[in-house]
Amino acid sequence: MDKFTVARALDEISRYLELSDSNPFKARAFERAARAIEKLEDDVVALVDAGNITKVPGVGKATGDIIAEIVRTGSSSYLEELRGQYPSGIFGMLRVPKLGLKKVGILFTELGISSLDELEAAAKSGRLSKVKGFGPKSAETILKGIEWARKRESNFLLPVGIEVGEMLREKLASIDAVEDAEVSGSVRRRLEVIRNVNLVVATKNIDVVTDALRTVVDRFEIVDETTVKGVARNDVEVIFHLTAPNEFGSTLLRTTGTPAFVDAFGKIPKARTEKDVFKKTEIAYVEPERRETADDLAKKKRTKLVELSDLRGTFHVHTTFSDGRHSVLEMLSAAHDRGYEYVGLSDHSKAAYYAGGLSESRLEEQQAEIATQEKKVRPMRVFRGTEADILPDGSIDYGLPTLKKFDFVVASIHSQFQMGRDEMTERILRALDDPHVTFLGHLTGRRLLSREGYSVDYDRIFDRAAERGVIIEINGNPQRLDVDWRYLPRAVERGVVLSIHPDAHSISEYNALITGTWVARKAGLAAKQIFNTRGVEEVEEFLAKRRASS
DNA sequence: GCCGTTTTCGGCCCGACTGTTTTCAGTCG
């Protein structure tokens with residue numbers, strides 16, 4: 001039993017409580033307890049055994065009993081009871097924007113609605129507008145929201161595609177007649193949002209393999225002699241391209257690139273490997289990430305793309321001091337274990353209340369903790385930073401004496417998203433003018449498949465960043481992948497330096513450095529254009545110089 | 001439900017926005 005399982009159960013209780021009309025603070029109390037458990041440094045089971053669980057701030061008698069029950073039996077009878085009161089899948093309605101737990105709860109109690117279909121019917125029939133708090137405008141917004149939610153149902157973030165692809169490759173490996181299998185399509189191109197997972201399967205016996213695929217996916221369907229479709233878990237569409245082993249490379253090439261790339265490539269000769277296809281056609285190899293367009297095919301020289309192993313350190317890492325799930329030491333140790341020469345911790349600034357932003361006094365505590373823990377991860381260098389809010393007027397959260405305490409500042413927007421393009425651009429430009437700002441964090445604030453970013457004038461921002469020497473972050477969080485790779489070449493043209501950051505809120509989120517690197521590769525970037533491919537001395541010198549001039 | 005105390009009851013993290021109100025509740029960050 002680990003603390004995250006306990007926290008998840010408490011979160012679920014909290015969500016059910018918010019659905020019902022009881023005291024909203026009760027729901028909050030469970031949520032607070034969940035966060036407290038998540039951030040525990042001690043083992044939750046040990047705490048329960050020692051009778052010390054209620055000593056955790058935010059955990060009282062009632063919650064303590066629930067936690068103890070979960071630890072002992074693996075489940076909570078209170079949670080089971082709550083689950084029994086609502087249809088499963090009721091939280092699916094949360095996918096509709098502007099619908100939160102309160103409204104979902106009201107809709108269920110008043111109209112018995114618990115699914116998108118029922119919601120749609122109620123909105124169309126006018127039944128919805130009869131409920132207190134829902135006017136005609138609500139029905140309209142909800143119908144639009146349902147359409148929006150449905151459209152996104154068939155799209156997935158890249159990591160989902162990677163996982164499904166890996167799982168299918170493993171399954172295929174256990175089929176005797178399969179000689180080779182490889183993921184192609186948008187997943188292989190590392191596109192940030194994918195619609196399906198393509199796999200090329202090499203076999204001498206297409207009929208046998210086709211038949212075997214019936215058990216590998218749901219909704220099995222034969223499209224044509226060499227193409228089979230189906231659906232994997234998570235409802236991801238899967239397309240198998242069956243091919244003879246001596247054409248494996250050709251099919252891989254044909255099904256990896258976009259039509260624009262494949263068309264421009266011209267005639268694809270038969271070959272066992274993809275490398276052989278390139279060799280036979282005397283075309284220099286194009287990395288899969290670069291096969292969105294035909295641009296590279298036309299180029300004489302290929303850029304050597306940055307690789308994950310080129311990264312020698314990172315910035316933009318959160319800890320339990322703000323909204324991270326692991327402690328300073330845990331985050332430092334994880335970076336150390338990954339072999340990084342340096343890591344920059346940056347918890348939220350005080351304006352970000354909702355994310356547990358650090359007041360000046362909490363900041364002092366955090367820096368003291370860093371001073372204690374950094375000794376344990378030597379010789380890795382630990383930089384002290386902050387992810388400071390860019391306030392609506394473009395000024396940076398924290399006053400002058402505080403800003404001087406940092407080795408680096410990631411400046412990001414976390415409020416007033418709906419600002420118009422011009423106003424938003426001015427806001428960011430003003431932030432770039434602040435000499436304390438080292439990095440510009442997640443440029444557009446987008447959340448893939450859930451929220452559009454704010455609109456900005458990229459060119460003006462890139463110009464100013466270049467002029468002021470501010471590094472622009474490539475936020476590698478798979479939900480963000482912000483800046484979009486399509487705009488990065490324009491930054492590079494202007495001499496803007498970029499840096500790949502994980503925006504990690506837990507140890508596992510250091511993996512965002514992988515997705516972040518893919519973004520840089522898709523943009524055609526080389527290691528030298530990425531700040532955190534530099535060694536620790538060079539980085540230290542850069543930060544020191546910048547501090548001195550601010 | 002939790003917490004803290006001017007200690008067993010009243011408050012609980014903030015602010016903008018929107019649609020629904022006629023003074024506010026819910027959502028979102």
Side-chain angles (χ1 to χ4, degrees), chain A residues 9-37 53-68 76 78-79 82 91 93-110 123 128-145 148-149 322-323 348-359 362 387 389-393 397 412-420 423-424 427 441-442 444-447 450-454 477 479-480 482 503 505:
Chain A
L10 295 176
D11 267 326
E12 202 181 336
I13 290 175
S14 161
R15 294 208 297 168
Y16 277 116
L17 290 177
E18 205 158 328
L19 280 185
S20 54
D21 65 345
S22 71
N23 180 4
F25 294 106
K26 193 168 157 182
R28 279 252 211 87
F30 277 98
E31 205 191 326
R32 233 165 68 81
R35 297 288 79 72
I37 294 297
I53 193 70
T54 53
K55 297 221 171 77
V56 177
V59 178
K61 171 92 179 64
T63 314
D65 286 347
I66 291 171
I67 294 171
S76 150
Y78 183 47
L79 175 57
L82 287 166
F91 294 126
M93 290 205 287
L94 293 172
R95 289 206 310 266
V96 179
K98 308 285 157 72
L99 273 194
L101 286 160
K102 271 265 126 59
K103 284 184 178 169
V104 166
I106 292 168
L107 288 170
F108 178 68
T109 347
E110 297 293 317
L128 193 72
S129 311
K130 299 210 170 63
V131 181
K132 193 159 178 275
F134 292 82
K137 197 103 181 193
S138 299
E140 204 182 303
T141 317
I142 284 174
L143 281 175
K144 257 194 217 132
W148 189 90
S322 63
D323 58 351
H348 285 282
S349 64
K350 61 180 176 180
Y353 302 102
Y354 56 87
L358 271 51
S359 63
R362 281 282 287 163
E387 181 181 18
D389 269 33
I390 299 175
L391 302 174
D393 68 353
D397 191 21
S412 312
I413 284 175
H414 294 109
S415 62
Q416 298 266 69
F417 284 63
Q418 75 306 324
M419 239 180 216
E423 212 185 339
M424 192 57 103
R427 178 183 180 182
H442 46 71
T444 73
R446 74 175 181 180
R447 290 279 192 171
S450 78
R451 157 181 105 202
E452 300 279 322
Y454 26 88
N477 180 322
Q479 269 187 59
R480 294 188 182 271
D482 190 8
D503 196 355
H505 290 77

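Every chain is numbered from 1, with letters handed out A, B, ... down the list of sequences. Excluded from the calculations below are hydrogen atoms, water molecules and symmetry mates; all remaining heavy atoms, backbone and side chain alike, are included. Remember, predicted model here, so these are calculated numbers, not experimental data.
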Taking the [atom1] atom of each, how far is [N] from [M], in whole Å?
{"N": "B:dT18", "M": "B:dG10", "atom1": "P", "result": "37 Å"}
{"N": "B:dC2", "M": "B:dT6", "atom1": "P", "result": "22 Å"}
{"N": "B:dG26", "M": "B:dT20", "atom1": "C1'", "result": "10 Å"}
{"N": "B:dA16", "M": "B:dT8", "atom1": "P", "result": "37 Å"}
{"N": "B:dG29", "M": "B:dT22", "atom1": "C1'", "result": "28 Å"}
{"N": "B:dT7", "M": "B:dC17", "atom1": "C1'", "result": "40 Å"}
{"N": "B:dA25", "M": "B:dG11", "atom1": "P", "result": "16 Å"}
{"N": "B:dT21", "M": "B:dT27", "atom1": "P", "result": "15 Å"}

Side chains of A:Asp323 and A:His348, donor plus acceptor under 3.5 Å:
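Side-chain D/A pair, A:Asp323 to A:His348: present.
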Kindly give the heavy-atom pair with the smallest separation between A:Ser138 and A:Gly133, and that separation in Å.
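So the minimum-distance heavy-atom pair works out to OG-O, 4.2 Å.
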Given side chains that start at C-beta, do those of A:Pro24 and A:Lys102 come closer than 4.5 Å, heavy atoms only?
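In contact.
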Contact between A:Val131 and A:Ile106 at the side-chain level, heavy atoms closer than 4.5 Å - yes or no?
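Result yes, sub-4.5 Å side-chain heavy-atom pair found.
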Take atom [atom1] of [X] and atom [atom2] of [N], then tell me their distance rounded to the nearest Å.
{"X": "A:His442", "N": "B:dG29", "atom1": "NE2", "atom2": "P", "result": "12 Å"}
{"X": "A:Leu101", "N": "B:dT27", "atom1": "CG", "atom2": "P", "result": "7 Å"}
{"X": "A:Glu31", "N": "B:dG29", "atom1": "CD", "atom2": "P", "result": "14 Å"}
{"X": "A:Leu358", "N": "B:dC14", "atom1": "CG", "atom2": "P", "result": "17 Å"}
{"X": "A:Ile106", "N": "B:dG26", "atom1": "CD1", "atom2": "P", "result": "6 Å"}
{"X": "A:Arg447", "N": "B:dC28", "atom1": "CZ", "atom2": "C1'", "result": "12 Å"}
{"X": "A:Leu107", "N": "B:dA25", "atom1": "CG", "atom2": "P", "result": "18 Å"}
{"X": "A:Tyr454", "N": "B:dC28", "atom1": "OH", "atom2": "P", "result": "18 Å"}

Strictly below 4.0 Å, N to O, side chains only: are A:Asp482 and A:Arg447 in salt-bridge contact?
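A salt bridge is absent here (no side-chain N lies under 4.0 Å from a carboxylate O).
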Closest to the [X] side chain: [options]?
{"X": "A:Lys102", "options": "B:dC13, B:dT27, B:dC2", "result": "B:dT27"}
{"X": "A:Arg28", "options": "B:dG26, B:dG1, B:dC13", "result": "B:dC13"}
{"X": "A:Arg32", "options": "B:dC3, B:dG1, B:dG26", "result": "B:dC3"}

So, do A:Tyr16 and A:Phe91 have ring centers that fall under 6.0 Å from each other?
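Between A:Phe91 and A:Tyr16, which both carry aromatic rings, the centre distance is below 6.0 Å.
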For nucleotides 16-23 of chain B, give me every protein contact, N/O to N/O, under 3.5 Å, one pair per line with atom names.
| residue | atom | partner | partner atom | Å |
| --- | --- | --- | --- | --- |
| B:dA16 | O3' | A:Gln416 | OE1 | 3.1 |
| B:dC17 | OP1 | A:Gln418 | NE2 | 3.4 |
| B:dT20 | OP1 | A:Gly135 | N | 2.8 |
| B:dT20 | OP1 | A:Gly135 | O | 3.2 |
| B:dT20 | OP1 | A:Lys137 | N | 3.4 |
| B:dT20 | OP1 | A:Ser138 | N | 2.8 |
| B:dT20 | OP1 | A:Ser138 | OG | 2.7 |

I need the A:Glu423 CD to A:Asp393 CG distance, nearest 0.5 Å.
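Reported value, rounded in 0.5 Å steps: 10.5 Å.
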Nearest-nucleotide 5' precedence on DNA chain B, A:Pro57 against A:Pro97
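The residue mapped nearer the 5' terminus is A:Pro57.
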Students often mix this up, so state it plainly: with edges at 30° and 60°, are the rings of A:Tyr454 and A:Phe417 parallel, tilted or perpendicular?
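Judged by the thresholds at 30° and 60°, the geometry between A:Tyr454 and A:Phe417 is perpendicular.
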Is there a Watson-Crick or G-U wobble partner for B:dT8 with both distances under 3.5 Å, and if so, which one is it?
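Check on B:dT8: unpaired, no WC or wobble geometry under 3.5 Å.
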At less than 4.0 Å, is any side-chain N or O atom of A:Ser415 found next to OP1 or OP2 of B:dG15? Yes or no.
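A:Ser415 to B:dG15 OP1/OP2: no side-chain N or O under 4.0 Å.
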